[in-house]
Amino acid sequence: MASRDTDVLIVGAGQAGASAAAALRDFGYPGRILIVGAEQALPYERPPLSKAMLAGSGAVSDILIHPAGFHAEKGVETLLGVAVSSLDVQGRTATLTDGARTTWRHCLIATGGQARTVAGLAPGAARVHYLRTIADALRLREAMRQHRSVLVVGGGFLGLEVASTARTLGLSATVLESADRLLGRVMPPALSCWLREAVCAAGVDLRLDARCEAFDVHADGVVVTLASGEKVSADMVVAAIGLVPEVGLARRAGLKIHPGNGGIAVNERCETSAPGVYAAGDCSSQHHPFVDAEIRLESWQNANEQARLVAAAIAGQPAATLTAPWFWSDQFGANLQILGVPVPGLEYHCRGEPGDGDTAGKFLLLGANDAGQILHAIAVNAGGELRMLKPLVDSRTPCDPLALCDAASPLRQQVRAALARTPSPTLS
């Protein structure tokens, strides 16, 4: 049985794993680093899978997290197409699916997650699609070239992005969302309504309160029976109902798993219940200072921030604390960016012009509490303005939201003035 030694074993070749390896070298860490990834591809960005990759305008080389020669240049070993099957946290060894064993001083579990499956829609079945990997995207892309209609189960970010790409490619698209409004967990009702109008204006057949009772997948397409008794059909179906954190390896190793969100429980340095073992990205659960609660975040930003925390801990270097959660999506001609989180009692104010169903417009929606702290900000085609606002949101600095919404007053000056009035903001 083959064996190798490494200083840092990174389990998972996704955003968090690749970013942690790069951050370790940024911190001057000299030890050996080994990334083990189950997929054959070098670490790549997942957000483009539902957009450029699916539309056919992107290549795998375009979405790599780092250029192809980066790992060799930085002295980072990569072992692809192989997974870690077991982890001995006391003996600090790992067994791989090819039978090899690896010893390590530090280990980062960055296994991400798997697409949540729908009963009756078997992954890999003809005319049934999930979207999590490059292989998934290429398979769905080919299907979109062959068929004329698609049924999307789930009206979250991924489902809407798939529907948007499908419409761009000329397919008819139907979206089935079980909730009574779109993105209700991350948007106030007024913006959910605006988004619904934009989706419908793009020609999508959007069904809210649409609970699926049964699926009939046959040689010619897919028929879904709704709880109302109505039947909806299409040439193929894409299930986009969320992510299940990949924590099987951690569970078998005896690591603590959060009972509520299912993530691997980590401390402020992203260290798990086993010393020297860390977790980061979609599979981890951590107390977040901005929301003052332990949560599991599925976002590009969180994967990068946690990766840097891990690298700093291993390298013995200081690192910045977590900032306000940040998400984004490109769909139906609009770029949506969300900073912070919605909490009860926020009052929303608008800077800019929302436009109508045919025009996305450009605007910021600012959710402030009674103290004037902006805890939730949403930008539509206004990412630059949101970046200006970020220090104010991260620090929870009190401000005048109405003044910020005065389009005649430069936003950057408003933010600087508010920060100057509170020279030492805290997240308490």
Side-chain angles (χ1 to χ4, degrees), residues 10-22 35-72 76-84 96-98 110-117 121-147 150 152 154 156-166 168-169 171 236-246 280-283 298-300 303-304 307 328-331:
I10 298 177
V11 184
Q15 189 74 44
S19 298
I35 299 177
V36 178
E39 293 185 60
Q40 292 288 351
L42 286 168
Y44 60 89
E45 306 268 6
R46 294 192 190 275
L49 294 181
S50 57
K51 297 177 277 289
M53 279 293 294
L54 191 55
S57 58
V60 173
S61 58
D62 296 332
I63 66 172
L64 296 180
I65 296 173
H66 300 116
F70 176 86
H71 298 91
V76 175
E77 300 175 71
T78 56
L79 191 57
L80 303 175
V82 180
V84 174
L96 279 56
T97 51
D98 65 359
T111 43
Q114 301 294 326
R116 188 181 300 276
T117 57
L121 297 179
R127 304 199 179 243
V128 174
H129 297 268
Y130 292 85
L131 183 54
R132 181 63 184 166
T133 67
I134 285 176
D136 293 336
L138 295 178
R139 177 173 179 260
L140 180 55
R141 184 167 78 182
E142 182 59 28
M144 284 188 169
R145 289 172 176 168
Q146 296 177 4
H147 300 304
V150 61
V152 180
F157 284 124
L158 180 60
L160 293 176
E161 289 169 0
V162 169
S164 175
T165 300
T168 300
L169 294 174
L171 282 76
M236 59 182 174
V237 61
V238 178
I241 62 166
L243 187 78
V244 178
E246 183 55 75
D282 294 351
C283 67
E298 300 170 10
S299 78
W300 179 92
N304 286 337
W328 80 91
S329 175
D330 293 302
Q331 52 182 269

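Every value quoted in this text rests on a predicted model; they were computed, and no experiment measured them.
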* To do: Using the test salt bridge (charged side-chain N to carboxylate O under 4.0 Å, His left out), find all partners of Arg46 that sit at least two apart in sequence or belong to another chain.
  => Glu39

* Asked: Got a sec, which residues hit salt bridge (charged side-chain N to carboxylate O under 4.0 Å, His left out) with Arg127, two or more places apart in sequence or on another chain?
  -> none

* To do: Please list, chain by chain and in numerical order, all residues satisfying side chain to side chain contact (heavy atoms under 4.5 Å, CB included) with Ala41, sequence neighbours excluded.
  => Tyr44, Ile134

* Which residues pass the side chain to side chain contact (heavy atoms under 4.5 Å, CB included) test with Ala13, sequence neighbours left out? -> Ile35, Pro43, Leu80

* When rounded to the nearest 0.5 angstrom, what distance separates CZ in Arg116 from CZ in Arg132? -> 12.0 Å

* Summary of salt bridge (Lys or Arg N to Asp or Glu O under 4.0 Å) pairs that have at least one residue in residues 49-58, sequence neighbours excluded -> Lys51-Glu161

* How long is the gap from CG on Leu54 to CG on Leu138, to the nearest 0.5 Å? -> 9.5 Å

* What residues form a salt bridge (charged side-chain N to carboxylate O under 4.0 Å, His left out) with Glu298, not counting sequence neighbours? -> Arg296

* To do: Check salt bridge (charged side-chain N to carboxylate O under 4.0 Å, His left out) between Glu77 and all other residues, then give those that pass, not counting sequence neighbours.
  => Arg4, Arg32

* Asked: Could you give all pairs that pass the salt bridge (Lys or Arg N to Asp or Glu O under 4.0 Å) test and reach residues 133-144, with sequence neighbours left out?
  -> Glu142-Arg145

* To do: Can you measure from OG (Ser299) to CZ (Phe157) and round to the nearest 0.5 angstrom?
  => 10.5 Å

* Structure fact -> Those residues at least two apart in sequence (or on a different chain) that pass side chain to side chain contact (heavy atoms under 4.5 Å, CB included) with Ala143 are His129, His147, Met236

* Can you name the ring-ring contact (aromatic ring centres under 6.0 Å, His included) partners of Phe70, sequence neighbours left out? -> His66

* To do: For Trp328, check side-chain hydrogen bond (donor to acceptor under 3.5 Å, both in side chains) against everything at least two apart and list the hits.
  => none

* Asked: Which residues satisfy the side chain to side chain contact (heavy atoms under 4.5 Å, CB included) test with Asp62, sequence neighbours excluded?
  -> Ala59

